[in-house]
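So the structure is just underneath, and the comments pick up after that.
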Amino acid sequence: MSTIGDVLVADAVVIGSGVSGLTTALSLEGRDVILLTKGPLASGSTRWAQGGIAAAVGEDDGPDLHAADTIGVGVGLNDPPAVAALTAGGAEAVATLIERGAAFDRDEAGNLVLGREAGHSVRRILHASGDATGAEVSRALTAAVGRSPIRVIEHAWVAEILVSAGRVAGVVAVVDGNPIHVAAPVVVLATGGIGHVYAKTTNPPEVTGDGIALARRAGADLTDLEFVQFHPTALDSGRDPMGLLTEALRGEGAVLIDDDGERFMLGEHPDAELAPRDVVARATWRLLRAGRRPMLDARDAVGGAFPERFPTVYGLCVEAGLDPRIEPVPVSPATHYHMGGILTDLDGRSTVPGLWAAGEVTRTGIHGANRLASNSLLEGLVFGGRVAASILATNPAPVPTETVAGPTIPEPQPDLEQALRDLMWAEVGVIRSADGLERALDEIDRIEEKAAQGASELRSMLTVSRLVAESALARTESRGGHFRADHPETDPGWAYSIVVPR
């Protein structure tokens, strides 16, 4: 381990280049900002998002109705002030995004076209090019960053948040194998979720839970880690990550059928295919475990219009040798979103002075035990702006810029990483039990013993896996994205969050 020589200095460091990180960085006008991104600019989950952005912009809609739908899906764990902040800020956040260059689907009169997804009582989902909303959001925000003075460092994996005298003092990152030291009194974690910790996921490979692991080592409180959302309709074609078949398909009338051609959601929930995601995911999981083959049938709902209305989904299917215009396509649940994360207030402050967080890496209280479809991109827009406003209202003191130690970076261990991902999918996945969770924790111990010492994605994944499994074992009930086969009912006595203390 050697010391790092030159020190970069900034007013704020933003880690992550999805919707939350880009929005935060762009909103920090007048501050010297360094944006670190693990891959190329705009990598992460945002550009993969198909569903859209939920916002109360329709004439039959309003923030209160949007809030009621959000809370209805959250199974008693939403924080109403956080939900109100999200839904009240939606229209303005969308307008700002449009000002920054984003183009959404409109009708011939120029009005925004609004779709409907599960859990929403009205049409309120904005789309771009049918099912390429995330790509359009990334394009617009990336272009805006290119026009700004923000300093972007790509392919920068952050190994450590530096803490001095009880507050943030910057970060140590690794760029092309070389450590760099960025001194800053403000760090914003916008690193996304934990999807790649699981063998089946719709998230890209860089989503390995780094932000939660970094916050844990820095001493931040974490909460609701057991609540993982599994999307019920990932394309089951053997691809890693799995292709997402947007919920908008079911919103437009696509149905789920078994290998006998029968709709299996009719007996599961009054809303059938538009039931909350956790309900649909469990039904699909049970069918798979019984050796059956669940399929999404959009022939009548979309049919020949697939290439125009859902070009991303159509391309994924064609790549897998399937034609959704004329045949049902196989689906499986897949890890999609993490409702838990870093405990923050309504302005994104963590419990560590100088450390803010935005987006999926946080637990603001918006989503509760289950996220309402298409609220994630909105969260990044609204709370990225709130985080920036909070930072702009502060005047933190300068931080030390002396040399610090560079991290030890071990060689990758892909076999251990895959073993961990398989373990998490099998035992800490859609349906859990005490026996399975205890087996998972024992096996995590064994993988940790084999893992090389030093800073690595595998170490981040192990930290996150342990914390999720421990929280899932502690919550002896079923609620939202957390389902225990040995405690299948929702217990009113568990209507509170598990906080993992610093």
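In what follows, every heavy atom counts, from backbone to side chain, and hydrogens, waters and symmetry copies are set aside.
- The main-chain N or O of Ala369 is never found under 3.5 Å from a side-chain atom of Gln229 such that the two would form a donor-acceptor pair.
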Subject >> side-chain contact (heavy atoms from CB on, under 4.5 Å) between Met295 and Leu256, worked out >> reply: CA-CA 6 Å; Met295 292 177 284; Leu256 284 163; over 6 Å; no

**OP:** Go through the steps to decide whether Ser374 and Ile53 satisfy the test side-chain contact (heavy atoms from CB on, under 4.5 Å), and finish with yes or no.
**Re:** CA-CA 5 Å; Ser374 289; Ile53 300 174; 5.9 Å; no

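- Within the 3.5 Å criterion, the main-chain N or O of Leu287 finds no donor-acceptor partner in the side chain of Asp258.
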**OP:** Applying salt bridge (Lys or Arg N to Asp or Glu O under 4.0 Å), run through Glu449 and Arg446 and close with a yes or a no.
**Re:** CA-CA 5 Å; Glu449 290 173 0; Arg446 285 189 279 273; over 6 Å; no

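- Considering every non-hydrogen atom in both Val73 and Gly119, the closest pair reads CG2-CA, 4.2 Å.
- Using bins of under 30°, 30° to 60° and over 60° for the plane-to-plane angle, the ring pair His120/His66 lands in the tilted bin.
- A salt bridge links Lys38 and Asp210; the closest N-O separation between the charged side-chain nitrogens and carboxylate oxygens is under 4.0 Å.
- With Arg123 contributing its side chain and Leu114 its backbone, the two residues share a donor-acceptor pair below 3.5 Å.
- Comment: Glu247 does not engage Arg116 in a salt bridge, judged by the lack of any side-chain N to carboxylate O separation of less than 4.0 angstrom.
- Here the shortest heavy-atom pairing between Pro63 and Thr87 reads O-OG1, 3.2 Å.
- Without hydrogens or angle criteria, Glu457 side chain to Thr208 main chain gives no donor-acceptor distance under 3.5 Å.
- Using a 4.0 Å cut-off between a side-chain N of Lys or Arg and a carboxylate O of Asp or Glu, Arg466 and Glu448 qualify as a salt bridge.
- Within the structure, every pair that satisfies the salt bridge (Lys or Arg N to Asp or Glu O under 4.0 Å) test and touches residues 296-307, not counting sequence neighbours, is listed here: Asp297-Arg299.
- Thr70 and Asn375 share a donor-acceptor pair across their side chains, judged by distance under 3.5 Å alone.
- Remark: Val329 pairs with Leu235, Leu245, Leu296, Cys317, Leu322, Pro324 by the side-chain contact (heavy atoms from CB on, under 4.5 Å) rule, at least two apart or across chains.
- Note that the CD atom of Glu477 and the CD atom of Glu226 stand 8.5 Å from one another [nearest 0.5 Å].
- A donor-acceptor pair under 3.5 Å links the side-chain atoms of Thr246 to the main chain of Ala248, judged by distance alone.
- Taking all atoms of both residues into account, the shortest heavy-atom contact from Ser433 to Asp486 is CA-OD1, 3.6 Å.
- For Asp105, the side-chain hydrogen bond (donor to acceptor under 3.5 Å, both in side chains) test picks out no residue, with sequence neighbours left out.
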Original post:
Thr37 and Ser17: side chain to side chain donor-acceptor pair (under 3.5 Å), yes or no, with the steps?
Top reply: CA-CA 6 Å; Thr37 177; Ser17 63; 2.8 Å; yes

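- Annotation: the span from Leu225 atom CG to Arg216 atom CZ amounts to 9.0 Å, rounded to 0.5 Å.
- For residues 272-296, the set of pairs meeting the ring-ring contact (aromatic ring centres under 6.0 Å, His included) definition, not counting sequence neighbours, comprises Trp285-Trp425.
- Across Ala272 and Leu266, no two heavy atoms sit closer than the pair CB-CD2, 4.1 Å.
- Qualifying side-chain contact (heavy atoms from CB on, under 4.5 Å) partners for Glu319, counting only residues two or more places apart in sequence or in other chains: Arg239.
- No donor-acceptor distance shorter than 3.5 angstrom exists from the side chain of Thr362 to the backbone of Ala358, with no hydrogens or angles considered.
- Looking only at side-chain heavy atoms (C-beta outward), Pro40 and His155 come within less than 4.5 Å of each other.
- Remark: Ser45 OG to His196 NE2 distance equals 11.5 Å, nearest 0.5 Å.
- Of the possible donor and acceptor atoms, one in the side chain of Arg484 sits under 3.5 Å from a partner among the backbone N and O of Arg475.
- For Phe230 and Tyr337, the ring centers sit 6.0 Å or farther from each other.
- For Arg421, the salt bridge (charged side-chain N to carboxylate O under 4.0 Å, His left out) test picks out Asp240, with sequence neighbours left out.
- Formation of a donor-acceptor pair under 3.5 Å by the His231 side chain with backbone atoms of Arg277 is not found in this model.
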**OP:** Let me see the working for Arg100 and Glu136 under salt bridge (Lys or Arg N to Asp or Glu O under 4.0 Å), right down to the final yes or no.
**Re:** CA-CA 11 Å; Arg100 285 174 170 157; Glu136 174 60 13; over 6 Å; no

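- Between Val175 and Trp157, every side-chain heavy-atom pair lies at or beyond the 4.5 Å cut-off.
- Nearest heavy atom pair, residue Arg363 against residue Gly341, reads CB-N, 3.7 Å.
- Listed for the Glu206 side chain is a donor-acceptor partner under 3.5 Å among the backbone atoms of Gly44.
- Remark: the backbone N or O of Arg459 is paired with a side-chain donor or acceptor of Ser456 at under 3.5 angstrom.
- In this structure the side chain of Glu268 reaches within 4.5 angstrom of the side chain of Arg286, judged on heavy atoms.
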Subject >> Criterion side-chain contact (heavy atoms from CB on, under 4.5 Å) on Asn203 and Tyr198, from CA distance to verdict >> reply: CA-CA 10 Å; Asn203 294 175; Tyr198 287 85; over 6 Å; no

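- Taking every heavy atom of both residues into account, Lys200 and Ser332 meet most closely at NZ-OG, 3.8 Å.
- In this structure the side chain of Asp260 reaches within 4.5 angstrom of the side chain of Arg292, judged on heavy atoms.
- The distance from the CZ atom of Arg479 to the CG atom of Asp278 is 11.5 Å, given to the nearest 0.5 Å.
- Proximity of Arg124 to Asp69: side-chain heavy atoms (C-beta onward) are separated by under 4.5 Å at one or more points.
- One finds the OG1 atom of Thr490 at 9.5 Å from the NE2 atom of His482 (value rounded to the nearest 0.5 Å).
- A salt bridge does not link Arg309 to Asp131: none of the charged nitrogens lies less than 4.0 Å from a carboxylate oxygen.
- Inter-residue side-chain proximity for Ile257 and Pro328 is flagged as met; some heavy-atom pair is nearer than 4.5 Å.
- Under the 4.5 Å side-chain criterion, counting only non-hydrogen atoms from C-beta, His336 is not in contact with Val228.
- Here CD1 of Ile15 is found 11.0 Å from CD1 of Ile153. Values are rounded to the nearest 0.5 Å.
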Original post:
Stepwise, does the side-chain contact (heavy atoms from CB on, under 4.5 Å) test hold for Thr344 with Phe383?
Top reply: CA-CA 11 Å; Thr344 67; Phe383 278 79; over 6 Å; no

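- A heavy-atom distance below 4.5 Å is not found between the side chains of Pro241 and Thr202.
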